[in-house]
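Okay, so here's the structure we're looking at.
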There are 2 protein chains.
Amino acid sequence: MKTRDKILLSSLELFNERGERNVTTNHIAAHLAISPGNLYYHFRNKSDIIYEIFLEYEKLVDFYLDIPEDRAMTLDDMTFYLESVFDGLWSYRFFHRDLEYLLDGDQRLRQDYREFTNRCLASISRIFEKLADAGIIEPQEDDLRAAMSLNVWLVITNWMAFLKTAHAAEESACLTLTELKQGIYQVLTLEIPYLTPAYRDQVMALREKYRPSLPEINLASENAASCK
Amino acid sequence: MKTRDKILLSSLELFNERGERNVTTNHIAAHLAISPGNLYYHFRNKSDIIYEIFLEYEKLVDFYLDIPEDRAMTLDDMTFYLESVFDGLWSYRFFHRDLEYLLDGDQRLRQDYREFTNRCLASISRIFEKLADAGIIEPQEDDLRAAMSLNVWLVITNWMAFLKTAHAAEESACLTLTELKQGIYQVLTLEIPYLTPAYRDQVMALREKYRPSLPEINLASENAASCK
DNA sequence: GTATTATTAGAGTATATACTCTAGTGAGTC
DNA sequence: GACTCACTAGAGTATATACTCTAATAATAC
C-alpha cells in the first residue's frame with residue numbers, strides 16, 4: 001500500500017479513536033513509523049488530510065443514498081438506507097464531532113460539506129416521497145416533507161454525539177456499532193404517525209429490533225470489556 | 001464587578017464568538033487587560049472556567065424548564081419553554097459545539113452534564129404529558145413519549161450546529177437569534193401529527209411564525225452587515 | 001550506466017499554549 | 001506604623017504543534 005494511502009487510513013483510525021483535536025500530524029507519522037517530513041511530502045497540511053478523508057466519506061454516503069428511480073421502494077430499501085447511513089457515520093465518526101472547527105479552517109470543505117448536506121436532505125426527502133408512492137407512509141405536502149427530512153438528518157447526524165455525551169462516567173465513552181444503530185429506532189419514531197395501516201405493524205416490528213436494550217443503565221458493565 | 005466574574009463573562013463572550021478551541025487563557029486575560037497570573041489566581045485552569053460557566057447554563061435551563069404542577073399547561077407555556085430553551089442555547093452556544101472534547105477533559109462536567117441531559121429529557125417528557133392532559137396533543141404511551149422527547153432534545157441541541165455548517169461560505173457563519181429560533185419550527189414539526197383537532201390550527205399558526213424566511217438563500221446579503 | 005524523479009529520514013524552527021513563580025500593591029485592622 | 005491578606009503584574013517555563021529544510025536513498029527512464 002502506498003504511503004499516501006496509509007497516511008489517510010491511519011489518520012482516519014486515529015481521528016475516530018481519539019478525536020481530530022487530539023491527533024497531531026506527528027502522532028500520525030509516529031503511528032506509521034514514518035517521519036513528519038515524509039507525511040508533509042504527501043500532504044500540504046493536516047487540513048488536506050481531513051479534506052481527502054471527507055471526499056471518501058462523501059463518496060460513500062452518496063453511493064448509499066443513490067435512489068433507484070426505475071422501481072418502487074420497499075421496506076427493505078428503507079432498512080438498507082438506514083443501516084448504510086449509520087455504517088458510514090460510524091466509519092467516519094470523527095467528522096461530525098469537530099465539524100464546525102473543521103469547516104471554519106477550510107473553505108473548500110465548508111462549501112463541499114454544504115452541498116453534501118443539501119444532497120442528503122434531498123435524498124431523504126425523495127425517500128419519503130417514494131415510501132409514500134409505495135403506500136408505506138402517507139403522502140405529505142412538500143413543506144412538511146422538507147421539515148421532516150431535516151429532522152431526520154438532525155437525529156441521524158447527532159445521535160452519536162448524544163450517545164457519547166449521555167453515556168456514563170467512563171472517560172472515553174466506549175461505543176459500539178450496535179448502540180449507534182439504536183439511532184434507527186429514533187429515526188423510525190419520527191415516521192410512526194405517518195405509517196399507513198397496511199405497513200404499520202411491519203415497520204413497528206422493524207423498529208422494535210433496534211430498541212435500546214437497557215434505557216440508561218450501561219454503567220461500565222458489559223461495555224468495559226469491549227472498550228479498547 | 002469582581003475580577004472573577006469578569007473572567008467568567010469575558011470567557012463566555014469569547015468562547016461563543018470564536019469557539020472554545022480558539023480561545024486560550026492568555027486571550028481571555030488579554031481581552032480583560034489583566035495578567036495571566038491574575039487569571040490563574042482566580043481559576044485553577046481553563047476547565048475550571050468552563051465548568052463554572054456550565055453551572056450557570058445548567059441553572060438557567062433548570063429554571064426555564066421548571067414545570068408548574070399546580071395548574072394545567074397552556075399553549076403559551078409551551079411557547080415560553082421553546083423560546084427560553086433556545087435563548088439559553090444561544091447565550092451558551094459555545095458549549096454544545098465542543099461538548100465531547102469538554103466532557104472528555106473533565107469528569108465532573110461529564111457526570112453533571114449527563115444528569116443535566118436526563119433532567120432535560122424528563123422535563124420534555126413531562127411537558128408532553130401535560131400538553132396531553134390539557135388536550136393540546138393526544139396522549140401517548142410512555143415508550144413513545146420518551147423516544148419523542150429524545151428526538152426533540154436532539155433537534156433542539158443540534159439545530160445551531162446545523163445552521164452553522166449548512167450556512168453559506170462565509171467563514172465564521174454569522175448567526176442571529178432569529179435564525180436560531182427557526183429551530184422552534186423544526187420542533188413543532190415533530191408535534192404536528194399528535195395535535196388534537198381542537199388545537200391543531202392554533203399550533204400550526206404558531207409554527208408558521210417561526211418558518212424560515214428564505215429556505216437556503218442567505219448568501220451574505222443582509223447578514224454580512226450584522227456580522228461582527 | 002546515467003540522469004531524473006519520487007520518496008524518505010530526521011533534525012530543526014517558529015509559534016503557541018497552559019500554567020507557574022516571584023515580587024509586589026493597596027485596602028483594611030489593630 | 002506594623003501587619004495581614006486578597007489581589008495583581010509580568011516575566012518565565014516546559015511542552016506541544018504544525019510545519020520546513022537538507023540531504024540522502026530508492027525507483028524509473030533513457
Side-chain angles (χ1 to χ4, degrees), chain A residues 1-54 94-95 97-98 100-109 171-172, chain B residues 1-54 94-95 97-98 100-109 171-172:
Chain A
M1 186 186 261
K2 295 261 195 184
T3 304
R4 190 187 155 83
D5 294 328
K6 282 198 279 187
I7 293 171
L8 288 174
L9 217 67
S10 273
S11 300
L12 177 58
E13 188 188 329
L14 292 173
F15 288 160
N16 278 339
E17 212 169 86
R18 305 182 200 168
E20 177 272 341
R21 187 168 178 177
N22 297 317
V23 175
T24 73
T25 49
N26 289 352
H27 287 145
I28 298 165
H31 185 255
L32 281 169
I34 65 172
S35 64
N38 194 351
L39 187 147
Y40 278 92
Y41 170 77
H42 291 284
F43 294 93
R44 273 216 327 283
N45 50 39
K46 197 180 173 186
S47 273
D48 257 24
I49 299 177
I50 291 163
Y51 183 67
E52 298 251 345
I53 294 178
F54 165 72
F94 86 94
F95 189 69
R97 177 170 167 171
D98 286 300
E100 281 189 52
Y101 179 83
L102 298 178
L103 300 194
D104 270 353
D106 189 338
Q107 284 302 309
R108 246 183 341 175
L109 185 60
E171 66 247 59
S172 313
Chain B
M1 185 186 263
K2 294 262 195 184
T3 302
R4 190 187 156 82
D5 294 329
K6 282 198 278 186
I7 293 171
L8 288 174
L9 217 66
S10 274
S11 299
L12 177 57
E13 187 188 330
L14 291 174
F15 288 159
N16 279 338
E17 212 169 86
R18 304 183 201 168
E20 176 272 342
R21 188 169 176 176
N22 297 317
V23 176
T24 72
T25 49
N26 290 350
H27 287 144
I28 298 165
H31 185 255
L32 282 170
I34 65 171
S35 65
N38 193 351
L39 186 146
Y40 279 91
Y41 171 77
H42 291 284
F43 295 92
R44 272 216 327 284
N45 51 38
K46 197 181 172 185
S47 272
D48 256 24
I49 299 177
I50 291 163
Y51 183 67
E52 297 252 344
I53 294 177
F54 164 73
F94 87 94
F95 189 69
R97 177 171 168 170
D98 286 301
E100 282 188 51
Y101 180 83
L102 298 178
L103 299 194
D104 271 352
D106 189 338
Q107 285 302 311
R108 245 183 342 177
L109 186 59
E171 64 246 62
S172 310

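Within every chain, numbering begins at 1; the chains are lettered A, B, ... in the order of the sequence lines, protein sequences first and strands thereafter. Keep in mind that this is a model prediction, so the values were computed, not measured.
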Might you work through the side-chain contact (heavy atoms from CB on, under 4.5 Å) test for B/Asp98 and A/Asp98, ending with a clear yes or no? CA-CA 7 Å; B/Asp98 286 301; A/Asp98 286 300; 4.2 Å; yes
So how far is it from A/Tyr51 OH to A/Gln107 CD, rounded to the nearest 0.5 Å? 12.0 Å
To the closest 0.5 Å, what do you measure between CG (B/Asn22) and CZ (B/Phe15)? 10.5 Å
Step by step, would you call B/Leu109 with B/Phe95 a side-chain contact (heavy atoms from CB on, under 4.5 Å)? CA-CA 11 Å; B/Leu109 186 59; B/Phe95 189 69; 4.2 Å; yes
Phosphate oxygens OP1/OP2 of D/dA6: is one of them under 4.0 Å from a side-chain N or O of B/Lys2? no
Only one of A/Lys46, A/Arg108, A/Arg4 forms a salt bridge (charged side-chain N to carboxylate O under 4.0 Å, His left out) with A/Glu52, so which one is it? A/Arg4
Of all heavy-atom pairs between A/Ser11 and A/Ile7, which one has the smallest distance, and what is that distance? OG-O, 2.6 Å
Under 4.0 Å from any atom of DNA chain D, heavy atoms only: list the residues of residues 21-34 of chain B that qualify, in numerical order. B/Ala33, B/Ile34
For residues 28-39 of chain A, which side-chain N or O atoms pair as donor and acceptor with protein atoms under 3.5 Å away, sequence neighbours left out?
residue	atom	partner	partner atom	Å
A/His31	ND1	A/Ser10	OG	3.3
A/Ser35	OG	A/Asn38	N	3.1
A/Asn38	OD1	A/His42	NE2	3.4

Report yes if some heavy atom in the side chain of A/Phe94 is under 4.5 Å from a heavy atom in the side chain of A/Leu102; otherwise report no. yes
Nearest 0.5 angstrom please: A/Glu20 CD to A/Leu12 CG, how far? 12.5 Å
Per the salt bridge (Lys or Arg N to Asp or Glu O under 4.0 Å) rule, what does the pair list look like for residues 32-45 of chain A, sequence neighbours excluded? A/Arg44-A/Asp48
List in numerical order all residues of residues 36-44 of chain B for which some heavy atom is under 4.0 Å away from an atom belonging to DNA chain D. B/Gly37, B/Asn38, B/Tyr41, B/His42
With a 4.0 angstrom cut-off to heavy atoms of chain B, pull out the first and last contacting nucleotide of DNA chain C, in 5'-to-3' order. C/dT17 to C/dC21
Inspect the contact between A/Asp104 and B/Arg21 and indicate whether a charged nitrogen and a carboxylate oxygen are less than 4.0 angstrom apart. no
One would report the end-axis bend of the helix from C/dG1-D/dC30 to C/dC30-D/dG1, five pairs per end and rounded to 10 degrees, as 10°
Looking at CG of B/Leu14 and CG of B/Leu9, how far apart are the two atoms once the value is rounded to the nearest 0.5 Å? 10.0 Å
